[in-house]
Amino acid sequence: ITVTAEEFEPFVGDTFQVETNEGKVALVLDNVKIRDNPSIRDKHVEIDGIVYPPRHPFALTFVGPVDQPLQPLTYRVHHETTGEMDLFISAFRQDHDCMLYESTFT
């Protein structure tokens with residue numbers, strides 16, 4: 001995936017549907033965290049003839065239900081505007097009323 005953090009920022013608060021073997025699980029995009037590390041890409045990255053600028057690593061944090069926990073796996077995720085994408089999603093904390101998940105982009 002060649003997306004940037006800025007592309008996800010308009011969708012904070014939106015629901016993303018995660019496809020699992022047991023059915024769909026709704027996760028709400030809670031935050032887009034840009035890592036303070038220096039740019040991780042080389043100065044010239046070209047994929048299929050497209051040159052991509054350097055970018056900082058970032059993570060998407062999602063809030064999900066406690067009663068439908070997700071295992072750390074790659075899931076097909078759907079959003080009404082962004083469409084479908086495959087994201088590796090893993091839990092990083094359980095609160096009393098929700099699970100918190102993260103998907104990291106490097």
Side-chain angles (χ1 to χ4, degrees):
I1 294 178
T2 57
V3 297
T4 64
E6 294 78 18
E7 291 176 68
F8 281 102
E9 287 174 350
F11 306 114
V12 170
D14 285 6
T15 298
F16 289 71
Q17 295 293 328
V18 178
E19 293 181 25
T20 72
N21 291 336
E22 292 78 35
K24 292 186 178 182
V25 176
L27 299 183
V28 175
L29 181 60
D30 182 59
N31 193 11
V32 178
K33 298 187 293 186
I34 299 174
R35 307 289 189 210
D36 290 330
N37 301 0
S39 296
I40 58 163
R41 286 192 178 160
D42 293 332
K43 294 189 185 305
H44 181 85
V45 173
E46 186 173 337
I47 302 171
D48 296 330
I50 300 171
V51 176
Y52 294 94
R55 74 169 184 203
H56 291 280
F58 67 96
L60 307 177
T61 58
F62 295 95
V63 176
V66 174
D67 62 344
Q68 294 176 296
L70 299 175
Q71 297 300 311
L73 294 170
T74 299
Y75 294 95
R76 174 67 42 105
V77 179
H78 178 80
H79 180 267
E80 62 185 34
T81 302
T82 65
E84 290 187 347
M85 65 190 88
D86 293 329
L87 296 178
F88 182 82
I89 299 172
S90 63
F92 67 90
R93 189 173 80 214
Q94 179 178 342
D95 285 349
H96 67 282
D97 62 346
C98 67
M99 291 290 294
L100 299 174
Y101 297 95
E102 185 172 72
S103 183
T104 302
F105 294 75
T106 57

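Just the heavy atoms: all of them, side chains too, but no hydrogens, waters or symmetry mates, feed the values below. The chain is numbered in sequence order, starting from 1.
The neighbour count for Lys24 NZ, taken as heavy atoms of other residues, nucleotides or ligands under 6.0 Å away, does not exceed 12. For Gln71, the CD atom sits in a loose shell: 12 or fewer heavy atoms of surrounding residues, nucleotides or ligands are nearer than 6.0 Å.
Hydrophobic side-chain contacts under 4.5 Å tie Phe88 to no other Ile, Leu, Val, Met, Phe, Trp or Tyr residue.
A chain of hydrophobic side-chain contacts below 4.5 Å, direct or via other Ile, Leu, Val, Met, Phe, Trp or Tyr residues, connects Met99 to Val12. Transitive grouping of hydrophobic side chains (ILVMFWY, heavy atoms separated by less than 4.5 Å) brings Phe11 and Leu60 into a common cluster. Linking Ile, Leu, Val, Met, Phe, Trp and Tyr residues whenever their side-chain heavy atoms come within less than 4.5 Å places Met85 and Tyr101 in a single cluster. One hydrophobic cluster, built from ILVMFWY side chains closer than 4.5 Å, holds both Val3 and Leu87.
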Yes or no on side chain to side chain contact (heavy atoms under 4.5 Å, CB included) for Thr104 and Arg35, after CA distance, side-chain angles and deciding distance?
CA-CA 10 Å; Thr104 302; Arg35 307 289 189 210; 4.2 Å; yes

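Of the options Phe62, Phe8, Phe16, a ring pair (Phe, Tyr, Trp, His ring centres under 6.0 Å) to His79 is made by Phe16 and by none of the others. Under the side-chain contact (heavy atoms from CB on, under 4.5 Å) rule, Leu27 has a single partner from Leu70, Val77, Thr15, Val63, which is Leu70.
At least one side-chain heavy atom of Asp30 sits less than 4.5 Å from a side-chain heavy atom of Thr61. For the pair Glu9/Ile34, a side-chain contact is recorded, criterion being any heavy-atom separation below 4.5 Å from C-beta on.
Of all the heavy atoms in Val66 and Cys98, the pair that sits closest is CG2-N, 3.1 Å. The shortest non-hydrogen separation linking Asn31 to Lys33 is ND2-CG, 3.3 Å. Of all heavy-atom pairs spanning Pro65 and Ala26, the tightest one is CD-O, 3.5 Å.
If you take CD on Glu19 and NE2 on His78, they are separated by 9.0 Å, rounding to the nearest 0.5 Å.
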